[in-house]
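These numbers were taken from a predicted model, which means no experiment stands behind them. When reading the values below, keep in mind they use all heavy atoms of this one structure, side chains included, and skip hydrogens, waters and symmetry mates.
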Amino acid sequence: MEPLNNKGLSRRSFLKGTGAGMGILASSMPSFALENVFNNHNGAVATGQLKNAGLLEQTQTNSLFNQLTSALNFKQSKSEKVLIVLGQVSTQAFPHSVDHKLVNACLAQLYERGCSNKDITVAYHAPNALASNSPLVKAMTMPEKDSAQLVNVANSDAWLTLEMPKPLPKVKVLEQAQSADHIIYLDQLTDQHGSLNCPLKGLAKVVFDPQSFSKYSDQCDDLFNMNEIQNAISKKVRLLAYNASRFIAKSSMSDVQMHHVHPGILAISNDVKSHQLFAENYLHSVLNTTPESKHNSQELTWFQSGVSRDPMTIAHIEKTIRKSGVSLSKIELV
């Protein structure tokens, strides 16, 4: 095996360790009644339009979250454990961090389904713990309910070691991820530099111990598709969501700036490919830029809610998606 360097495993070393790709083919994965976002043959994105509603914005977000996750056939029983992974977290509020309204909507739906707070963990990675008065922490407070467990994995020692195929290095995964029945990933459309967030890297930052993951950082996609990681993490990831009504983006006037979109879009996917295709084309559509990459032969199913609120914007997004080479199927939600 080739020696490790500060960049981790080389591609050649990784494939040698996996038997030229042993366990990384999606086609080898067993089928599940509940599809996961890494092997979802019925993958789709569902979006709803968010309007400025003042004090009613949380109620609006909750209603849309329920409608869109139902369209994506998300099911969860009250006895099952859920891990909510927060992607982008900082001392600054949305859009510099995950939208607190999205966190509240997710928790509210789980509680409505009978899930107990002791079975819900919210995990994130940040240099410092969130303050008790931060919007994200406040969003976790529900009337007449104890708060779900909040974990900053940067300070966690709750890691479980997974044996990998020899001679690959071992990987440590978050204990709450290993014990979860479902994983839900909430993030922002873009990062602080205005680049699209990568859901796999966001998940990896929270569910893997940084030191052990650093050896696989150049093979992030392949790692999530390995049998050992599939069983511990990948098969459990059901939903990916973000609120794109406000986001940070690159600008010709300055390095980055905040963009406000009205009506904004709440996007939820049950498939990584659908999540990335829609996010990329939505960003290009809003910024009136041209996608650099073509996605010929790629397909996207789009469940649309509230089209009548801003049909011109929706039509423009559809046009951008088709120009990128994606074959688009639309289903309008009533």
Side-chain angles (χ1 to χ4, degrees), residues 1-32 34-41 43 81 83-87 121 123-126 151-185 187 191 195-240 271-273 275-276:
M1 183 175 179
E2 295 176 16
L4 296 177
N5 52 40
N6 56 6
K7 293 184 178 179
L9 291 169
S10 69
R11 177 70 175 167
R12 181 165 174 257
S13 295
F14 182 88
L15 291 177
K16 283 173 65 178
T18 56
M22 174 187 67
I24 66 172
L25 296 177
S27 60
S28 67
M29 293 172 63
S31 60
F32 285 80
L34 279 178
E35 295 279 13
N36 61 81
V37 302
F38 294 88
N39 183 37
N40 194 346
H41 304 296
K81 294 183 181 296
L83 173 65
I84 300 173
V85 175
L86 305 183
T121 300
Y124 67 100
H125 186 286
V151 176
N152 182 3
V153 302
N155 305 317
S156 177
D157 56 3
W159 302 101
L160 299 176
T161 301
L162 293 183
E163 296 288 341
M164 303 297 282
K166 293 181 179 180
L168 295 179
K170 298 175 183 177
V171 178
K172 292 183 178 180
V173 302
L174 189 67
E175 185 177 289
Q176 291 90 338
Q178 173 83 318
S179 62
D181 297 291
H182 304 281
I183 298 175
I184 299 173
Y185 180 66
D187 201 4
D191 62 21
S195 300
L196 279 171
N197 276 318
C198 172
L200 296 189
K201 290 181 179 178
L203 279 164
K205 186 172 68 172
V206 175
V207 302
F208 294 126
D209 165 65
Q211 186 174 355
S212 64
F213 175 70
S214 65
K215 300 166 185 175
Y216 291 92
S217 57
D218 290 339
Q219 284 81 38
C220 184
D221 290 26
D222 291 336
L223 180 64
F224 273 104
N225 279 322
M226 290 189 65
N227 287 336
E228 293 76 11
I229 304 303
Q230 286 174 18
N231 293 328
I233 307 293
S234 306
K235 292 176 182 176
K236 303 171 183 177
V237 184
R238 310 294 181 200
L239 298 172
L240 311 130
D271 168 60
V272 167
K273 180 182 73 174
H275 177 90
Q276 293 175 315

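Rounding to the nearest 0.5 angstrom, the gap separating the CG atom in L239 from the NE2 atom in H275 is 11.5 Å. In this structure, CG in D271 is found 9.0 Å from CD in Q276, a value given to the nearest 0.5 Å. From Q211, atom CD reaches atom CH2 of W159 across 11.5 Å, with rounding to the nearest 0.5 Å. The CG atom of L162 sits 12.0 Å away from atom CG of N227, with the distance rounded to the nearest 0.5 Å. One finds the CD1 atom of I183 at 10.5 Å from the CD atom of Q176 (value rounded to the nearest 0.5 Å). Between the CD1 atom in I233 and the CD atom in E228 there is a gap of 12.5 Å [rounded to 0.5 Å].
A154 approaches A126 most closely through the heavy-atom pair CB-O, 3.3 Å. Residues R238 and K235 come closest through the heavy atom pair NH1-O, 2.9 Å. For the pair G202 and V85, the tightest heavy-atom approach, listed with the atom from each and the gap, is O-CG1, 4.5 Å.
Inter-residue side-chain proximity for M226 and M164 is flagged as met; some heavy-atom pair is nearer than 4.5 Å. Taking the side chain as every heavy atom from C-beta outward, L168 and K215 never approach each other to under 4.5 Å. Counting heavy atoms from C-beta outward, I184 and L83 have side chains that stay 4.5 Å or more apart.
With hydrogens and angles ignored, the 3.5 Å screen pairs no side-chain donor or acceptor of S156 with any backbone N or O of V153. Remark: the backbone N or O of S212 is paired with a side-chain donor or acceptor of D209 at under 3.5 angstrom. The backbone N or O of V171 lies less than 3.5 Å from no partner atom in the side chain of Y216, so there is not a single donor-acceptor pair. No donor-acceptor pair under 3.5 Å is formed between the side chain of D191 and the backbone N or O of N197. Judged by distance alone, the side chain of S179 and the main-chain N or O of E175 form a donor-acceptor pair under 3.5 Å.
Between the side chains of Y185 and D187, at least one donor N or O lies within less than 3.5 Å of an accepting N or O.
Using the six-membered ring where Trp is involved, F224 and F208 have ring planes that are tilted, between 30° and 60° apart.
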task: Before giving the answer on side chain to side chain contact (heavy atoms under 4.5 Å, CB included), spell out for L86 and V206 the whole-Å C-alpha distance, their side-chain angles and the decisive distance to 0.1 Å.
output: CA-CA 8 Å; L86 305 183; V206 175; over 6 Å; no

- request: Mind running side chain to side chain contact (heavy atoms under 4.5 Å, CB included) on V151 and T121 for me, showing each step along the way?
  value: CA-CA 7 Å; V151 176; T121 300; 3.9 Å; yes

query: Going through the checks in order, is the side chain to side chain contact (heavy atoms under 4.5 Å, CB included) test met by K236 and H182?
result: CA-CA 5 Å; K236 303 171 183 177; H182 304 281; 5.8 Å; no

task: Begin with the C-alpha distance, continue with both residues' side-chain angles, and end with the deciding distance and a verdict on side chain to side chain contact (heavy atoms under 4.5 Å, CB included) for K172 and L160.
output: CA-CA 5 Å; K172 292 183 178 180; L160 299 176; over 6 Å; no

